[in-house]
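Here the structure is laid out as structure tokens; the discussion comes afterwards.
All of these numbers come straight from a predicted model, not from anything done at the bench.
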Amino acid sequence: MRCTHPTRRANHRKIYRRKNSNLRILLFLLSGLLVIIIIGANEVSLALTVTLLGGGVIYSLWMRRDSGVFWIGLLMIAIGAVLVSVLAPGNYQRYADIAHDETTLRPSAWLAAGLYLPWVTLRFLYWLSNPGVWASAVILLATTFHFARTQLYINGKFKRWFLALPALWISMIFILSALGFLINHHPLPERAESVVYLLFLLGWYPSFIILAHFLIGDKTQLDNNHNRLILPAMVLLLISLLGAPNIFEAYKDVYRGYRYAGEMRERINTIQAAKNRGETKIVVASVSRPPRTLFATDLETDPRNFRNTCMSEYFGIESIRLGSSTPP
């Protein structure tokens, strides 16, 4: 009976390793699928994803973690997805449409370069003006104070190489924003700029904690009096979240959705009726109040716009554009 205990423990270890291996494989496959989906969205999400994965590879190799193979594998998947996305024929069509789009004001390259720095700076300050961002950062600072201090200090001295993270964070915000000015000569569209805002949120909290500990030093202690700041910060966070413009817009979209659904059904009926009459160049009415939480962008008045060409190919017609449509 005594000899069976080591055997049981060995069997339990084998089962645990087998389950752990299957879990790692599942996580890798799901992560790889997520990477492919994100990279296919736009150039900004592509650049951000590759940068984050590259940072994971560098950190895991530097710290000699076992997760290095995981990060390297995801980076290889990302690079493959980048090549497929960049070489896709639709991208060349979109770039050609941008060059010939006369409906959008596109300043000269020198004027766009001059507008770039003030635009990104004001956008960054606009994000920082949200009280909820500061309130949530204070809550995180208070709840992780002692743990962060053990990670950021050694023998009473601050590890200054941590300051590289806030510097890289701000640099990446300016680099990603520069893509819009480089390609379009004007700021990024809202969908792409939301990726830059995601980068802002990802880097804001660790940067806030790093800079806070660097400024207050290792002599400041977080006692019970400091913990009383958490409750007002939580109240401020709740108010700022419920009072955010996007919350109110989402509430208004509850009734906007009914009108949007009716207008889209009318548009589809217009297209089908025009096709039945043998028409190949179709004009449809614009959407009056699209739901902002779901709706990205509409067709253009220029039938050569890539969104218009994609819809015309989908319905098998020559062209489609916005304008005064004829009821079906």
Would you compute the distance between atom OH of Tyr258 and atom CG of Asp253 and round it to the nearest 0.5 angstrom?
12.5 Å
Check the orientation of Trp204 and Trp169. Use parallel for under 30°, tilted for 30 to 60°, and perpendicular for over 60°.
tilted
Parallel, tilted or perpendicular: rings of Trp127 and Phe200 (30°, 60°):
tilted
CD1 of Ile317 to NZ of Lys281: how many Å apart, nearest 0.5 Å?
11.5 Å
Are Leu168 and Leu128 grouped together when hydrophobic residues (ILVMFWY) are joined by side-chain heavy atoms under 4.5 angstrom apart?
no
Does atom CE (Met76) have a neighbourhood of more than 12 heavy atoms from anything else shown, all under 6.0 Å?
yes
For Thr280 and Ser319: C-alpha separation, side-chain torsions, deciding distance, then whether side chain to side chain contact (heavy atoms under 4.5 Å, CB included) applies.
CA-CA 7 Å; Thr280 58; Ser319 66; over 6 Å; no
So for atom OH, which belongs to Tyr251, do other residues, nucleotides or ligands contribute more than 12 heavy atoms lying within a distance under 6.0 Å?
no
Find the distance between CD (Glu263) and OG (Ser286) and round it off to the nearest 0.5 Å.
8.0 Å
Ile247 versus Leu241: any side-chain heavy-atom pair under 4.5 Å?
no
Run the side chain to side chain contact (heavy atoms under 4.5 Å, CB included) test against Leu140 and tell me which residues pass, sequence neighbours left out.
Thr143, Thr144, Tyr205, Ile209
Taking it one step at a time, do Thr121 and Phe174 satisfy side chain to side chain contact (heavy atoms under 4.5 Å, CB included)?
CA-CA 9 Å; Thr121 303; Phe174 278 86; 4.0 Å; yes
Just jot down the side chain to side chain contact (heavy atoms under 4.5 Å, CB included) partners of Lys159, sequence neighbours excluded, or say none.
Ile154, Trp161, Phe162
Show, in sequence, the C-alpha distance, side-chain angles and deciding distance for Glu318 and Glu279, and conclude whether the side chain to side chain contact (heavy atoms under 4.5 Å, CB included) test is met.
CA-CA 9 Å; Glu318 183 177 346; Glu279 299 179 12; over 6 Å; no
Does some side-chain heavy atom of Ser288 sit less than 4.5 Å from a side-chain heavy atom of Arg259?
yes
Residue pair Leu141 / His213, side-chain heavy-atom distance below 4.5 Å:
yes
I'd like to know if Asp298 pairs up with Arg267 as an ion pair, taking the criterion as any Lys NZ or Arg NE/NH1/NH2 lying under 4.0 Å from an Asp or Glu carboxylate oxygen.
yes
On a heavy-atom basis, the closest approach of Leu322 and Ala285 is CD2-O, 3.9 Å
With Arg321 via salt bridge (charged side-chain N to carboxylate O under 4.0 Å, His left out) - residues at least two apart
none
What is the distance from atom CH2 of Trp119 to atom CZ of Phe124, rounded to the nearest 0.5 Å?
16.0 Å
Pairwise distance CG(Asn155) to NZ(Lys157) - rounded to 0.5 angstrom:
8.0 Å
Please report the interatomic distance CG(Leu165) to CG(Leu211), rounded to the nearest 0.5 Å.
9.0 Å
Hey, quick one: are Leu215 and Leu163 part of the same hydrophobic cluster, counting side-chain heavy atoms closer than 4.5 Å, chains of contacts allowed?
yes
Transitively linked via ILVMFWY side-chain contacts under 4.5 Å: Val133 with Met172?
yes
If I compare all heavy atoms of Tyr260 with all of Val287, which pair ends up nearest, and what's the gap?
CD1-CG1, 3.7 Å
Answer with yes or no whether the hydrophobic clustering places Leu122 together with Ile170; edges join I, L, V, M, F, W, Y residues whose side-chain heavy atoms lie under 4.5 Å apart.
no
For Tyr153, give me all partners under ring pair (Phe, Tyr, Trp, His ring centres under 6.0 Å), at least two apart in sequence or on another chain.
Phe158
Close side-chain approach of Val284 to Ile271, heavy-atom, < 4.5 Å
yes
Can you check whether Ile216 reaches Arg149 side chain to side chain, under 4.5 Å on heavy atoms?
yes
Less than 4.5 Å apart, side chain to side chain, heavy atoms only: is that true for Asn305 and Asn308?
yes
Gly132 and Ser136 have their tightest heavy-atom pair at O-OG, 2.8 Å
Please enumerate all residues that pass side-chain hydrogen bond (donor to acceptor under 3.5 Å, both in side chains) together with Ser171, with sequence neighbours excluded.
none
Spell out, yes or no, whether Ile210 and Ile58 are grouped together once hydrophobic residues are joined by side-chain heavy atoms under 4.5 Å, including indirect joins.
no
Exercise: identify the closest heavy-atom pair between Pro166 and Ser207:
CA-OG, 3.5 Å
Name all residues meeting the side chain to side chain contact (heavy atoms under 4.5 Å, CB included) criterion together with Met311; count only those two or more places apart in sequence or in a different chain, and write none if there are none.
Leu299, Phe315, Ile320
If only atom types and distance count, is the side chain of Trp71 paired as donor or acceptor with the main-chain N or O of Leu53 below 3.5 Å?
no
For a quick test of reading the model, state the closest non-hydrogen atom pair linking Pro303 to Thr309 and the distance between them.
O-CG2, 3.6 Å
So, do Leu52 and Leu202 sit near enough that their side-chain heavy atoms are less than 4.5 Å apart?
yes
Nearest non-hydrogen partners of Val120 and Ile173, listed with the distance
CG1-CG2, 4.3 Å
